[in-house]
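Read the structure below first, then the notes.
The sequence lines fix the lettering, A, B, ..., with proteins before strands; numbering per chain opens at 1.
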Amino acid sequence: MPVARPEPQEPRVIAHVDMDCFYVQVEQRRNPALRGQPTAVVQYNDWKGGGLIAVSYEARSFGVKRSMRGDEAKRVCPGINLVQVPVARGKADLNLYRSAGSEVVAILASKGKCERASIDEVYLDLTDAAKQMLLQSPPDSPEEIFMEAAKSNILGLPSDASEKEKNVRAWLCRPDADYEDKLLACGAIIVAQLRVRVLEETQFTCSAGIAHNKMLAKLVSGMHKPAQQTVVPSSSVQDFLASLPVKKMKQLGGKLGSSLQDDLGVETIGDLLSFTEEKLQEQYGVNTGTWLWKIARGISGEEVEDRLLPKSHGCGKTFPGPKALKNSASVKGWLDQLCEELSERIQSDLNQNKRIAQTLTLHARASKANERDSTKKFPSKSCPLRYGTGKIQEDAMKLFESGLHDFLESQNTGWSITSLSVTASKIFDIPSGTSSILRYIKGPSSAASQAIPDFSSVPEDPSLDNNVYATPIHEEKCEPSTSENEDGERYSDISAKQCPTSEEKRISKKLPEVKGTSSILKFLSRGQSALHEKRKSDGLICSPQGPGSSSEANKAEEHNVAAQRADRSNINSGTEPSASNAWMFNVEDIDPAVVEELPPEIQREIQGWIRPSKQPSTKRRGSTISSYFPPARS
DNA sequence: ACGGTTGCCACT
DNA sequence: TAGTGGCAA
């Protein structure tokens, strides 16, 4: 449900930039012969010619729609070029489009705060840039207004007049305009410049909306497509919303929008104005009610986030109809493929962006053999994410088994899986300031403190995918000791690799800063626990029993966890490209003995996130796996 | 055989 | 929290 935020006092300049039929443009850049041609991008083509996921404007003029299959598109537009999405590991591979999207983001992020909203959309907060322009070089004569900006569409200005461009030029530099309108005019000029840069540097066209908030910018970015931009002056908001069908508003395209129509008789956003905030709250709850009341008035305080990268990575595939998976072997096969791709993607994210994912989630859709219309859903399951393809595959399969168990509720019926996906989420930046925090987790009394990797030595070179970043655990010294580097800082490990030189620390300054101490320690704790466990299992140290240690009840479970931990310390187990990630383990494993040595305020922080470790486990209450896996049928 | 494959968010 | 549900493109 949407939540209303207070609109900031000061007027903002917000843009929403939307790539035009993006996947098609990416393919047209790869194969310029497709330019100007009716073209669509399809994924797979064995069933009815594949599904369209992007359609060029030439093809749209023939009536080709996104919802069509390839065969249907051919019927409507026999000359259409159908380009297939690349396939890797038996599934659609969108990496080409993802990296093209990144090219665009890199350019758009240059003039202000930039938020990647999807693979082909961004929001920009251009308030500062617009203010600066207004101070230094406000638009003052129609002739000097840059060509692309002059092609803007200004909501509320007569747009079909023969004098359109002249009117727009005049609007952009009206000397008697409100301060707000002047800011928007500057925003329009900046966005026009950015769009030209995008075109010059990537060959991609895009459309944009410029307004005082995200909601309005988004609403109009697609109003004049392709390759055009639209401005929303405050003065035109009311008329615009008055006739806007509710379903066009973001968040109202689904059930909430239908309810507004069916239950309240609201057809346009303007119709909402006749309801009090209280009435809307009564109908839809406090948050949604207030949100509706505000959007009816064009109010949306949502801020543009400063984020250029996605918040999660997911890979999935559907297995429609006869393709449904009906035994665990085929599920495992596909899950392995999905996990391979996911592993590759989070590994690149780590290497290129210095980010680590913490949670692995498995989703599936399933039906039971007997019940043709079983309403029950396959539950999603998640667990801490361990790096390494083999580990992810193992854990994903365990999550699947656990989900299947819950799904079947110990009935002995057959099943079929129609979709599978794995997602890596809760992604954090690796802190740049590790060395200063390192000082807190050290000391001869804490044998567990040795495994903290020094991320300032992470190589910058993105081509070094799968390289070793932390000293492999089995190569580390086991005797605690303390040393000083040339800056006089003390480190808990004398391994040369782990004691950053001045040069390494200089490099580390280029890494992203992290806001709170908590996230830094959270991160460091991963490596700390890993080595500690390794030493325990090697009999090198005695484990100090912490306050949170196990009860009899979960002894069996804990044994399982211990076994898995031992496995983590193994170098190059199975399919691993390298065991370099042995240091990345459970946040919740941090050693209480280490915590005791920290300053009280940091201790307090840490206490909050120490919790019982939960590994993916197959809980089989009184039954075995084989009892609910039906015998494989070919 | 549902447009498939992403991705985001709020709520509990 | 992990899990569900909704929305969007």
Earlier contact from the 5' end, DNA chain B, for S312(A) and F319(A): F319(A)
Touch class at under 4.0 angstrom, heavy-atom based, for L94(A) against every strand present: sugar-phosphate
dA10(B) phosphate, OP1 or OP2, under 4.0 Å from N287(A) side-chain N/O: no
Separation of the C1' atoms in dG3(B) and dC7(C), to the nearest angstrom: 16 Å
R89(A) atom CZ, over 12 foreign heavy atoms within 6.0 Å: yes
Of the listed nucleotides dT4(C), dC7(C), dA1(B), the one nearest the side chain of P379(A): dT4(C)
Residue pair V55(A), K65(A): steps toward the side chain to side chain contact (heavy atoms under 4.5 Å, CB included) verdict: CA-CA 7 Å; V55(A) 180; K65(A) 298 274 174 51; over 6 Å; no
Touch class at under 4.0 angstrom, heavy-atom based, for R98(A) against every strand present: sugar-phosphate
Ring centers of F62(A), Y57(A) separated by less than 6.0 Å: no
Sugar-phosphate only, base, or nothing, as touched by E305(A) at under 4.0 Å among non-hydrogen atoms: sugar-phosphate
Phosphate-side-chain proximity, K48(A) and dG3(B), N/O vs OP1/OP2 below 4.0 Å: no
Phosphate OP1/OP2 of dG3(C) contacted by K377(A) side-chain N/O (<4.0 Å): no
Sugar-phosphate only, base, or nothing, as touched by K426(A) at under 4.0 Å among non-hydrogen atoms: sugar-phosphate
Short side-chain N/O contact from R116(A) to OP1 or OP2 of dT6(B), under 4.0 Å: no
Y97(A) side chain near dT6(B) phosphate (N/O to OP1/OP2, under 4.0 Å): no
More than 12 heavy atoms from other groups under 6.0 Å of CD on E303(A): no
Sugar-phosphate, base or nothing in reach of K218(A), heavy atoms under 4.0 Å: sugar-phosphate
dA2(C) phosphate, OP1 or OP2, under 4.0 Å from S380(A) side-chain N/O: no
P310(A) vs I53(A), nearer the 5' end of DNA chain B by closest nucleotide: I53(A)
N or O in side chain of K250(A) less than 4.0 angstrom from dA8(C) OP1/OP2: no
Sugar-phosphate, base or nothing in reach of M249(A), heavy atoms under 4.0 Å: sugar-phosphate
N or O in side chain of S382(A) less than 4.0 angstrom from dG3(C) OP1/OP2: yes
P-based separation of dT1(C) from dC9(B) [nearest Å]: 16 Å
Atom pair CG (D406(A)) and OG (S380(A)), whose distance is rounded to the nearest 0.5 Å: 10.5 Å
Phosphate OP1/OP2 of dA2(C): any K381(A) side-chain N/O under 4.0 Å: no
Closest listed nucleotide, where the reference is the side chain of R66(A) and the choices are dA1(B), dT5(B), dG3(B): dG3(B)
